[in-house]
Amino acid sequence: MQLITEPARKALVVTPHPDDAEGGCGATMAKWIKESGSEFTVLMCTNGDKGTSDRELGSAELAAIREGEQRDASSVLGVKDVVFLAYPDGGLEDTMEFRGQVVRQIRKHRPDTIFCIDPYRSKSHTHRDHRMSGQVALDAAFTYAWSYLYFPDQISQEGLEPHRVEQAFLWGSESPDSFVELADAYLEMKAESLSRHVSQMRNRQPSDRMERIHRWSGETGEKAGVAYAEGFRRIQFDIGSEDWSFLHR
Ligand SMILES: [Zn+2]
């Protein structure tokens, strides 16, 4: 159980659907960007084209709406860039192609930290895309991105270099062990960013949203002895050696 006091310098947030990242780590993004000048890039894996009960709305139209909403939501938090892989909602698989796409973004943006959903649960079930995106993000960070022998065309043809990610923060974890303390202003920014996902928020009032965020952040904060927090399971990719040959043992 620890409070995280050292912000990421550069972070890549690998997230399955529009609005997941804002709900999972939105206030942390807002805080670190504002207070520490952290650079955040959001990698949006699907286009969220199944997220409606409106039978009049087609998938392509919904995908276009949700891309715009994601850009709005990310700009509220100060995110530098949003990259869209545009897989269909529910269509993520743990493939070499998907892994290579995440590796490419790691090599391009060179984050010290990745954020993703905890793919491992024993007490509850979650959306398949949540499991797949979390799993692929962790595998891409360790070890695919940092050996030039994986996806060598990215090195030889795209001008990218291998990159070593230092740590991952996993949101939606059953066992969070690391917490970011949050002032009220950042909870409000989180609520505001969530409200930009207009197509998903039709039945929710802003005051309800703020009340829920206060309640959840308060419950999470209690675990860390602070008023409000977001909680993560932290993984440190610490090999403690420059000898990469161990990767293949
Ligand atoms: Zn989702």
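Whatever order the structure lists ligands and atoms in, that order sets their numbers, starting from 1. All figures in this text were calculated on a predicted structure; none of them were measured in a lab. Position 1 is the first residue of the sequence; numbering continues from there.
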- Query: Would Lys10 and Asp112 pass as an ion pair if we require N to O under 4.0 Å?
  - Reply: no
Near the Zn ion (ligand 1), is there an N/O/S atom from His130 that is less than 2.8 Å away?
yes
query = Any N/O/S atom, backbone or side chain, of Asp20 lying under 2.8 Å from the Zn ion (ligand 1)?
reply = yes
Here the N/O/S atom of His17 closest to the Zn ion (ligand 1) would be ND1
ask   = Between Ser36 (side chain) and Ser38 (backbone), is there a donor-acceptor pair under 3.5 Å?
value = no
Practice item. Say whether, by atom type as modelled, one donor and one acceptor occur between the side chain of Arg121 and the main chain of Gly172 under 3.5 angstrom. Key: yes
**Item:** Parallel, tilted or perpendicular: ring planes of His127 versus His17, cut at 30 and 60 degrees
**Value:** perpendicular
